[in-house]
Trainee: 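Here it is, the structure in full.
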2 protein chains.
Amino acid sequence: MTASRALRGAADVSEANIEKVLRAAEEIGYVTNHLATSLSSQTTNLIGVVVPSMSNVVFAEVLAGISDAIQQSGKQPVFGISNYNAEVEQDIIRDMLSWRPSGMIVTGLEQSEQSRKLLAGAGIPVAQIMDIDGEAIDINVGLSHADAGRDMACALMKLGRSKFAYIGSALNKDVRARKRMEGFRAELEKGGLSLVTSRIDDEFSSLPLGRALTAELLQSGVDVDCIYYSNDDMAAGGLFATMAAGIQVPQRLLLAGFNGLEFLEGLPVRLATARSPRRQIGKEVIRILLEAIKHPLAPEQRRLVFHPEIDLGDSSF
Amino acid sequence: MTASRALRGAADVSEANIEKVLRAAEEIGYVTNHLATSLSSQTTNLIGVVVPSMSNVVFAEVLAGISDAIQQSGKQPVFGISNYNAEVEQDIIRDMLSWRPSGMIVTGLEQSEQSRKLLAGAGIPVAQIMDIDGEAIDINVGLSHADAGRDMACALMKLGRSKFAYIGSALNKDVRARKRMEGFRAELEKGGLSLVTSRIDDEFSSLPLGRALTAELLQSGVDVDCIYYSNDDMAAGGLFATMAAGIQVPQRLLLAGFNGLEFLEGLPVRLATARSPRRQIGKEVIRILLEAIKHPLAPEQRRLVFHPEIDLGDSSF
DNA sequence: TCTGGTATCGATACCGGTACCGATACCAGT
DNA sequence: ACTGGTATCGGTACCGGTATCGATACCAGA
């Protein structure tokens, strides 16, 4: 017991003994067994985090935000990747819960029925991030993607654009991209307009895919003056398709994406986009979750909504 | 005990009892306590994985490869991010070991003395990935970055280029980029050449940074016909700087990067690069590690070297 | 000298599983 | 009836810590 206390820096141990224990620990290369610690104390320092993908910079940055914010707290994040698959997600959640984490963070609001039940019944704070269009289990930090789509449509119409196309990918998997598209379309219709055409692929979004779909659309000869993309990667690909086709962006054709990724700033043309507060979401969800671990939170403290700022880039005039 | 056996699907339990136990478990929402399981059985299904960054697509893809390959095995990866900081890495390693994982994967060969001691003394298989230029603790899967730099220099000289510049960033942190640069320079010198100029920044590599450094170099008026970048992101940024300056790539100025990232395929010009086998490294290190967990491996089985293939893109003629 | 307070220490019972091994039931063979 | 094998089950110790609480030593004050 004295050794245990000494190692944990607890009170009620004499200096001499602390010294002795630490030296002995050093000597034998002692490493705490967290399994025993956690089992015995009935608490862990684990925070489970489930995201759909890591190749996507957006989630990489959310995780970075989480990593940073969690540093001081003594907690440790454990990451899982669901590959946009609800069943995989459910397995990951079940597995994470079996380690008795002190909190959970999952992406989006669309978990399987079983996942929701597991999370709700775990007796720990659960945060759903990125999206707020739907009903949350407990804590909810994110933005309205439907609104993001609407806002962009609104801004683009204000710039005088009227012949819109949409280019996206994997909408069946990426719920949030779909919500943006639907919001975008709804707003167009409110303005008396509608999508002239669209291209939607099953693959995941990427720069080359954006380029290919855009090239195809341009070749089809349809007359459009603005393309809304599922995200920045796709839009950047679109830019290169227009460059190859000799089309002036944004003068003749305005391209708009979503996320406000850093690499946009290096492109030949500054495309329109909306900045998603990725790092901030990571940071804030940790702050709220850590509080919730300490004591129950009021409903209004369990929800944090961000409003992404639209950046029209070179398209602003 | 019967319940324990039934839940684990072990032998020696009657059908009737299995049924009964499973139903009861379902009813009370039983979730295994992995802490207890692991403490008792003295083994875990955890594999610790430490990478320097996740925003970098390269590591995201390595992790994806690891995730995929590990699926069937019943093991579970636990990721940690060191932010290119050896002290942070050491803390992460110590913390991971305290969970008694059955294997560890760390990035690169340059760990702190203490980290190496911890890993070597953990009594589990340890794999170091990405880099092979140095001495490994146990298992080593990767490529020679020094060779990658040399090979690229060799290929570029063969194309008749002679006035070389280097543009890179954060070389003090990114050891592998530095090794490429050094290999590149060594090979130039072997060919009787040397770097005309170079630009090295302290920030992490990014497309905008590559663009800025390249623009600066171009403005300085130094006469070069080829720039070697620390990686593809930087090179892509360089491409946009040359486009803005009206310089023909690759005819007048050849740009070369490293990694062979997917997004290069969407750019207006196909830059020179060398494909790093990122997913494969992830896949193979898991294969080897899982074997090593089962039984000790001979030295030659503990080392796997990849040879990145050079792709000159549009520069090939 | 006795009492009570403070600082320090250690015995013991868990935490929730699994390994190990002995117990039990049942059946076939002799 | 007895023996031995097989299938199934459960008691007990233990994994490596921590919580709890009582024991001990020492000192100041009455």
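The sequence lines fix the lettering, A, B, ..., with proteins before strands; numbering per chain opens at 1.
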Trainee: Between A:Asn45 (CG) and D:dT18 (P), how many Å, whole number?
Mentor: 13 Å

Trainee: Mind checking side-chain contact (heavy atoms from CB on, under 4.5 Å) for B:Ala177 and listing every partner two or more places apart, or none if nothing turns up?
Mentor: B:Leu171, B:Asp174, B:Arg180, B:Ser230

Trainee: Give me the residues of residues 90-98 of chain B where at least one heavy atom lies under 4.0 Å from an atom of DNA chain C, by number, or none.
Mentor: none

Trainee: If I take atom CZ in residue B:Arg100 and atom P in nucleotide C:dG17, what distance separates them, rounded to the nearest angstrom?
Mentor: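 Rounded to whole Å, this separation is 20 Å.
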
Trainee: Just list the side-chain donor-acceptor pairs under 3.5 Å for residues 53-62 of chain B, sequence neighbours left out, or say none.
Mentor:
from	atom 1	to	atom 2	distance (Å)
B:Ser53	OG	B:Ser55	N	3.2
B:Ser53	OG	B:Asn56	N	3.2
B:Asn56	OD1	B:Val58	N	2.9
B:Glu61	OE1	B:Arg278	NE	2.9
B:Glu61	OE1	B:Arg278	NH2	3.1

Trainee: Take B:Asn17 and B:Thr2, measure what side-chain hydrogen bond (donor to acceptor under 3.5 Å, both in side chains) needs, and give me the verdict at the end.
Mentor: CA-CA 8 Å; B:Asn17 271 334; B:Thr2 300; 5.5 Å; no

Trainee: Are there any protein N/O atoms within less than 3.5 Å of an N/O atom in nucleotides 18-25 of chain C, and if so, which ones and at what distance?
Mentor:
from	atom 1	to	atom 2	distance (Å)
C:dT18	OP1	B:Arg8	NE	3.3
C:dT18	OP2	B:Ser4	OG	2.1
C:dT18	O4'	B:Ser40	OG	2.5
C:dA19	OP2	B:Arg8	NH1	3.0

Trainee: Got a second to check how far B:Ile92's CD1 is from B:Asp95's CG, nearest 0.5 Å?
Mentor: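 That separation rounds to 8.5 Å.
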
Trainee: Suppose the criterion is side chain to side chain donor-acceptor pair (under 3.5 Å): which pairs have a residue in residues 100-110 of chain B, not counting sequence neighbours?
Mentor: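 Matches after skipping sequence neighbours: B:Glu110-B:Lys179.
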
Trainee: Which residue pairs satisfy the salt bridge (Lys or Arg N to Asp or Glu O under 4.0 Å) criterion with at least one member in residues 43-59 of chain B, sequence neighbours excluded?
Mentor: none

Trainee: Applying salt bridge (Lys or Arg N to Asp or Glu O under 4.0 Å), which residue pairs with at least one partner in residues 17-37 of chain B are found, sequence neighbours left out?
Mentor: B:Glu19-B:Arg23

Trainee: Write down the protein N/O and nucleotide N/O pairs, taken from nucleotides 4-8 of chain D, whose separation is under 3.5 Å; answer none if there are no such pairs.
Mentor:
none

Trainee: For B:His34 and D:dC15, give me the distance from atom NE2 to atom C1', rounded to whole Å.
Mentor: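 Result: 15 Å.
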
Trainee: What side-chain donor-acceptor pairs closer than 3.5 Å can you find for residues 75-85 of chain A, not counting sequence neighbours?
Mentor:
from	atom 1	to	atom 2	distance (Å)
A:Ser82	OG	A:Tyr84	N	3.4
A:Asn85	OD1	A:Glu87	N	2.8
A:Asn85	OD1	A:Val88	N	3.3

Trainee: Can you list, pair by pair, the side-chain donor-acceptor contacts under 3.5 Å of residues 117-129 of chain B, counting residues two or more places apart and other chains?
Mentor:
from	atom 1	to	atom 2	distance (Å)
B:Gln128	OE1	B:Ile137	N	2.7
B:Gln128	NE2	B:Gln111	OE1	2.8

Trainee: Distance check needed: D:dC14 P versus A:Leu35 CG, whole Å only.
Mentor: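 Taking CG of A:Leu35 and P of D:dC14, I get 20 Å after rounding.
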
Trainee: Please report, to 0.1 Å, the donor-acceptor pairs under 3.5 Å made by any side chain of residues 295-302 of chain A, with sequence neighbours excluded.
Mentor:
from	atom 1	to	atom 2	distance (Å)
A:Gln301	OE1	A:Ala298	N	2.9
A:Arg302	NE	A:Asp138	OD1	3.3
A:Arg302	NH1	A:Leu297	O	2.8

Trainee: Return whichever of B:Ala3 or B:Gln42 has its heavy-atom-nearest nucleotide of DNA chain D closer to the 5' end.
Mentor: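 Its nearest nucleotide being more 5', the pick is B:Ala3.
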
Trainee: Round to the nearest Å and state the distance from A:Asn33 atom CG to D:dG16 atom P.
Mentor: 7 Å

Trainee: In chain order, what residues pass the salt bridge (charged side-chain N to carboxylate O under 4.0 Å, His left out) check against A:Glu203, with sequence neighbours excluded?
Mentor: none

Trainee: What's the OH-P distance between B:Tyr30 and C:dG16, to the nearest Å?
Mentor: 10 Å

